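In this text, all values refer to a predicted model and were calculated from it rather than measured experimentally. All chains are named by letter (A, B, ...) in the order of the sequence lines, taking the proteins before the strands, and each is independently numbered beginning at 1. No hydrogens, no waters, no symmetry mates; every other heavy atom, side chains included, goes into these values.
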2 protein chains.
Amino acid sequence: MGTGTPATETTMTSTRPTTRNTWQRAAVRDLLENSAEFRTAQQIHDLLKEHGAKIGLATVYRALQAMSEAGEVDVLRTVDGEATYRHCSSGHHHHLVCRSCGYSVEIAARPVEEWANEVAAANGFTDVGHEVEMFGLCAECSKR
Amino acid sequence: MGTGTPATETTMTSTRPTTRNTWQRAAVRDLLENSAEFRTAQQIHDLLKEHGAKIGLATVYRALQAMSEAGEVDVLRTVDGEATYRHCSSGHHHHLVCRSCGYSVEIAARPVEEWANEVAAANGFTDVGHEVEMFGLCAECSKR
DNA sequence: AGCTGCATGAGAATCATTATCATTATGTGG
DNA sequence: CCACATAATGATAATGATTCTCATGCAGCT
């Protein structure tokens with residue numbers, strides 16, 4: 001089909017996001033924005049279906065992938081390598097995650113940023129980035 | 001020899017390693033001790049076979065699993081979730097890894113440890129641990 | 001040397017994630 | 001408001017890493 005590419009190829013902004021707003025992506029985004037916990041793609045899929053949404057698993061993966069690339073969500077790996085996602089504020093930050101209930105808090109780490117740069121420089125490394133995640137028991141879970 | 005433990009009395013709740021010294025595990029250990037880079041289980045398997053060792057992939061996985069549990073190796077996840085292993089000094093530490101050549105350096109992070117504890121306490125978390133990994137370009141790779 | 005049971009190896013089985021591809025529907029221009 | 005180009009969706013197959021199965025082998029101990 002669509003044989004000849006229409007010469008109507010005007011000077012349209014090529015850098016257009018080319019990303020469409022579907023209710024599926026909105027659903028994933030909404031769900032994440034209402035949770036302070038990291039969830040796996042499959043958990044998100046299940047939750048959405050419980051909510052009555054008829055959405056495909058592959059779509060959830062694609063939405064999450066897009067959102068993470070856009071910096072809208074944070075991705076963390078569980079000990080066994082599963083990816084978990086959480087809505088996040090824009091900008092650089094880290095997390096303090098409860099390993100019991102999954103509750104998490106975003107934390108700024110100004111001191112760490114500086115320390116990281118120093119260490120990197122001291123070792124001759126350049127273009128350095130870092131990952132810092134903390135795991136423990138939140139106040140609630142600590143009581144039990 | 002006999003630690004005076006009754007031969008027949010298998011009641012000893014001993015936390016004996018019950019781990020046998022096979023040449024396969026030694027091979028994996030040797031290979032890791034001679035590399036300052038993180039490698040995936042399959043890479044290790046390939047390298048061993050190149051060296052003429054006739055070892056099974058499952059065995060490599062088991063050896064790495066045992067070694068990581070014993071704290072003899074560090075485990076890191078690549079961006080796409082693959083586990084990579086590297087020989088490490090005992091004790092708590094972190095890494096500065098070159099994302100180009102894979103070269104890595106162990107780094108102590110006393111300042112970070114303290115900071116981590118403070119943040120954890122400030123948020124009511126207990127039993128806190130943390131992960132800190134830094135990625136960048138080593139001096140060599142920076143030149144290019 | 002003889003035993004016992006953990007370790008090994010080859011391949012099947014899992015499981016999360018990605019790719020395929022026909023179909024649907026979004027954003028746009030007419 | 002309608003038509004169109006095409007990104008997005010969804011059901012499913014495919015991929016790939018890691019784990020499990022189980023018959024056989026070897027390490028450690030007597």
Side-chain angles (χ1 to χ4, degrees), chain A residues 1-29 38-46 48-49 52-70 73 75-85, chain B residues 1-10 12 14-29 38-46 48-49 52-70 73 75-85:
Chain A
M1 58 152 286
T3 44
T5 305
T8 48
E9 182 54 53
T10 54
T11 322
M12 71 185 257
T13 343
S14 54
T15 26
R16 176 196 303 248
T18 59
T19 174
R20 294 180 183 177
N21 300 324
T22 63
W23 64 265
Q24 287 95 331
R25 297 199 172 189
V28 172
R29 189 179 334 250
F38 278 90
R39 310 235 116 112
T40 66
Q42 317 223 20
Q43 287 177 330
I44 293 172
H45 181 227
D46 290 341
L48 287 175
K49 289 211 294 190
K54 228 171 139 300
I55 185 175
L57 178 57
T59 300
V60 174
Y61 272 104
R62 280 183 291 236
L64 290 171
Q65 194 169 52
M67 291 174 73
S68 89
E69 281 172 19
V73 299
V75 188
L76 235 59
R77 294 270 173 191
T78 65
V79 204
D80 33 78
E82 274 179 280
T84 57
Y85 306 81
Chain B
M1 51 165 292
T3 53
T5 308
T8 46
E9 188 54 51
T10 37
M12 60 187 255
S14 80
T15 29
R16 178 185 296 270
T18 57
T19 173
R20 294 180 183 177
N21 300 325
T22 63
W23 65 264
Q24 287 94 332
R25 298 199 172 191
V28 173
R29 189 179 334 249
F38 278 90
R39 310 236 116 111
T40 67
Q42 318 224 17
Q43 286 177 330
I44 294 172
H45 181 227
D46 291 341
L48 288 175
K49 289 212 294 190
K54 224 170 142 301
I55 186 175
L57 177 58
T59 300
V60 174
Y61 272 104
R62 280 184 290 238
L64 290 171
Q65 195 169 52
M67 293 174 73
S68 89
E69 281 172 17
V73 299
V75 188
L76 233 59
R77 294 269 174 192
T78 64
V79 202
D80 34 79
E82 275 180 279
T84 57
Y85 306 81

Could you check if a side-chain atom of T59(B) sits within less than 4.5 angstrom of a side-chain atom of R25(B), using non-hydrogen atoms only? no
R29(B) has an atom CZ; how far is it from atom C1' of dA7(C), in whole Å? 14 Å
OP1 or OP2 of dA7(C) less than 4.0 angstrom from a side-chain nitrogen or oxygen of T22(B), does that happen here? no
dC15(C) C1' sits how many Å from Q43(A) CD, rounded? 14 Å
Without decimals, in angstroms, what is the distance between L64(A) CG and dT17(C) P? 10 Å
Grab the NE2-P distance between H45(B) and dA17(D) for me, whole Å please. 13 Å
Kindly compute the distance separating OH (Y61(B)) from CD (Q42(B)), expressed to the nearest 0.5 Å. 4.0 Å
Q65(B) vs dT18(D): side-chain N/O to OP1/OP2 distance below 4.0 Å: no
Of all the nucleotides listed (dT18(D), dT9(D), dG9(C)), which has the minimum atom distance to the side chain of A83(B)? dT18(D)
So, OP1 or OP2 of dA25(C): does either fall under 4.0 Å of a side-chain N or O from Q24(A)? no
Separation of dA8(D) atom C1' from N21(A) atom CG, nearest Å, is 11 Å
Any idea which of dA7(C), dT18(C), dA17(D) is nearest the E82(B) side chain? dA17(D)
Given dG10(D), dT17(C), dG28(D), the nucleotide with the shortest approach to the side chain of I55(A): dG10(D)
Checking dG10(D), dG9(C), dA17(D) against the side chain of T59(B) (C-beta onward), the nearest is dG9(C)
K49(B) side, atom NZ; L57(B) side, atom CG - distance, nearest 0.5 Å: 8.0 Å
Looking only at atom types and distance, does a side-chain atom of E69(B) sit under 3.5 Å from a main-chain N or O of A66(B), one as donor and one as acceptor? no
Using only side-chain N and O atoms of Y61(B), determine if any of them is under 4.0 Å from OP1 or OP2 of dT19(D). no
Rounded to the nearest Å, what distance is computed from the NZ atom of residue K54(A) to the P atom of nucleotide dA25(C)? 11 Å
Separation of dG9(C) atom P from L48(B) atom CG, nearest Å, is 11 Å
Scan Q42(B) against the nucleic acid and name what it touches under 4.0 Å (heavy atoms): base, sugar-phosphate only, or nothing. base
What integer distance in Å separates E69(A):CD from dA8(D):P? 11 Å
Over all strands shown, is D80(B) touching base, sugar-phosphate only, or nothing at heavy-atom distances under 4.0 angstrom? nothing
Looking at every non-hydrogen atom in both residues, tell me the closest pair between R77(A) and D80(B) and how far apart they are. NH2-C, 3.4 Å
Among dG11(C), dG28(D), dT12(D), which is the nearest nucleotide to the side chain of R20(B)? dG28(D)
Would you tell me if any nitrogen or oxygen in the side chain of R25(B) comes within less than 4.0 Å of OP1 or OP2 on dT8(C)? yes
Remember a base hit wins even if backbone is also touched, and classify R62(A) as base, sugar-phosphate or nothing at under 4.0 Å, heavy atoms. base
Ignoring hydrogens and angles, tell me if any N or O in the side chain of T40(A) forms a donor-acceptor pair with the backbone of A83(A) under 3.5 Å. no
